[in-house]
Amino acid sequence: MRKQERASEIYKRLSQRYPAPEPALTWSTPWELLVATALSAQCTDERVNMVTPVFFEKWPDIQDAAEADISEIEAVVRSTGFFRNKAKNIRAAANRIMTEYNGEVPKSMAELITLGGVARKTASIVLSNAFGINEGIAVDTHVKRLAFRMGLTQKTDPIQIEKDLMPLFPREQWGEINHFLVFYGRQVCPARKPKCDECELNDICPKKGVK
DNA sequence: CTCCCGATAT
DNA sequence: ATATCAGGAG
């Protein structure tokens, strides 16, 4: 089976399984989604969802975050790991958004990735979920693993994987395919013990039976 | 390539 | 003890 055909079949089956996918991260504004996604690096979204309510109660607006004390932010985000980098990046991003973007989270890939701690993955999540803009496909640990196992890429670099994936899915599916692969990766095809015996993609998976 | 880094599962 | 979790920067 060709890659293109396999990709279409994956989209078809997973869109049946996940009729109305929403991010597992909890958020209510573009800024909240940006912060939550920035915090999610090498951390479970479950953990992030414990931290963000505390964060946004303490600093509700972008301006509040821009003025916050770094050590206080560090204390709040500590349990998500990489807490010094994350705290510094979030406050710096809040400052830039206030001073250079009129207090509004920018709506393009080019602008978003100029913010420290924000690269294509985080930018794609914010663009597709908060603004409905598909400029890229967010390649996180789940998309990377699933794309490789399903034979949609042979690459290991997320940027290269994204380039392999983009032509395989219509642009309007880019946000969805991210959700599908993330959820399916968590539920059926995790890194350690993939449940190949109960996988509904088993028949089109080149890695079936292989770890 | 290395470093940043805590929480949890195995 | 080690691997993994919605990564990013130097």
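Naming convention: chains lettered A, B, ... in sequence-line order (proteins, then strands); numbering from 1 in each chain. Basis for what follows: all heavy atoms, side chains included, without hydrogens, waters or symmetry-related copies.
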Self-check item: Protein-nucleotide distance (A:K193, atom NZ; B:dA9, atom P), rounded to Å
Solution: 13 Å
Quiz item: Is the shortest side-chain N/O distance from A:R78 to OP1 or OP2 of B:dC5 below 4.0 Å?
Solution: no
Quiz item: Picking from C:dG7, C:dA9, C:dA6, which would you name as closest to the side chain of A:A119?
Solution: C:dA9
Quiz item: Without hydrogens or angle criteria, can the side chains of A:E74 and A:S71 be said to hold a donor-acceptor pair below 3.5 Å?
Solution: no
Exercise. Using a heavy-atom cut-off of under 4.0 Å over every strand shown, decide if A:F82 touches base, sugar-phosphate, or nothing.
Key: base
Quiz prompt | Separation of B:dG6 C1' from A:Q42 CD (nearest whole Å) | solution = 11 Å
Self-check item: Rounded interatomic separation in angstrom, taking CD from A:Q187 and P from C:dC5
Solution: 15 Å
Quiz item: Counting only distance, no hydrogens or angles, is the base of C:dA3 paired donor-acceptor with the side chain of A:R192 under 3.5 Å?
Solution: yes
Quiz item: Closer than 4.0 Å, any side-chain N/O of A:T141 to the OP1 or OP2 of C:dT4?
Solution: no
Practice problem: Hey, can you tell me if A:F183 and A:Y18 have their rings parallel, tilted or perpendicular (30° and 60° cut-offs)? | Solution: tilted
Quiz item: Would you call A:E67 and A:R91 a salt bridge, using N to O less than 4.0 angstrom?
Solution: no
Quiz item: Should A:E9 and A:R13 count as an ion pair when the cut-off is N to O under 4.0 Å?
Solution: yes
Quiz item: Are side-chain N/O atoms of A:E176 and A:Y11 paired as donor and acceptor at under 3.5 Å?
Solution: yes
Self-check item: Given C:dC5, C:dG7, C:dA6, the nucleotide with the shortest approach to the side chain of A:H142
Solution: C:dA6
Quiz item: What is the distance from NZ of A:K86 to C1' of B:dC4, rounded to the nearest Å?
Solution: 10 Å
Practice problem: Would you classify A:P23 as touching base, sugar-phosphate or nothing, given that sugar-phosphate means primed atoms plus P, OP1 and OP2, and contacts are heavy atoms under 4.0 Å? | Solution: base
Exercise. Assign A:I159 to base, sugar-phosphate, or nothing according to its heavy-atom contacts below 4.0 angstrom with the strands shown.
Key: nothing
Quiz prompt | Interatomic distance where CG belongs to A:N49 and P belongs to B:dA7 [whole Å] | solution = 16 Å
Quiz prompt | 5' priority, DNA chain C, between A:G116 and A:T44 [closest heavy atom] | solution = A:T44
Quiz item: If the C1' atom of C:dT2 is compared with that of B:dC5, how far apart are they to the nearest Å?
Solution: 15 Å
Exercise. Determine the interatomic distance between C1' on C:dC5 and the same-named atom on B:dC4; round to the nearest Å.
Key: 15 Å
Quiz item: How long is the line joining CD1 of A:I113 and C1' of C:dG7, in whole Å?
Solution: 14 Å
Quiz prompt | C1' atoms of B:dA7 and C:dA9, separation to the nearest Å | solution = 23 Å
Exercise. For A:G185, answer base if it contacts any base atom (sugar-phosphate contacts may also be present), sugar-phosphate if it contacts only those atoms, and nothing otherwise; contact means non-hydrogen atoms under 4.0 Å.
Key: nothing
Practice problem: For B:dT8, take OP1 and OP2 only and decide whether either is under 4.0 Å from a side-chain N or O of A:R47. | Solution: yes
Exercise. May I ask you to say what A:N89 touches in the nucleic acid, namely base, sugar-phosphate or nothing, with a heavy-atom cut-off under 4.0 Å?
Key: nothing
Quiz item: Should we say atom CG of A:D197 is surrounded by more than 12 heavy atoms from elsewhere, each under 6.0 Å from it?
Solution: yes
Practice problem: Go through C:dA6, B:dC5, C:dG7 for me and flag the one nearest to the A:T122 side chain. | Solution: C:dG7
Quiz item: Within this structure, what is the CG-to-C1' distance between A:L34 and C:dA6, rounded to whole angstrom?
Solution: 14 Å
Practice problem: Check every atom of B:dG6, C:dC5, B:dC4 against the side chain of A:N85 and return the nucleotide holding the closest atom. | Solution: B:dC4
Quiz item: Which of the following nucleotides, C:dA6, B:dA7, C:dG7, is nearest to the side chain of A:S79?
Solution: B:dA7
Quiz item: If you measure from the P atom in B:dT10 to the same atom in C:dA6, how many Å do you get, rounded?
Solution: 14 Å
Quiz item: With a non-hydrogen cut-off below 4.0 angstrom, is A:V143 in contact with a base, only sugar-phosphate, or nothing?
Solution: nothing
Quiz item: Can A:D45 and A:R186 be counted as an ion pair, charged N to O under 4.0 angstrom?
Solution: yes
Quiz item: Rounding to a whole Å, what distance do you find between A:L127:CG and C:dA6:P?
Solution: 21 Å
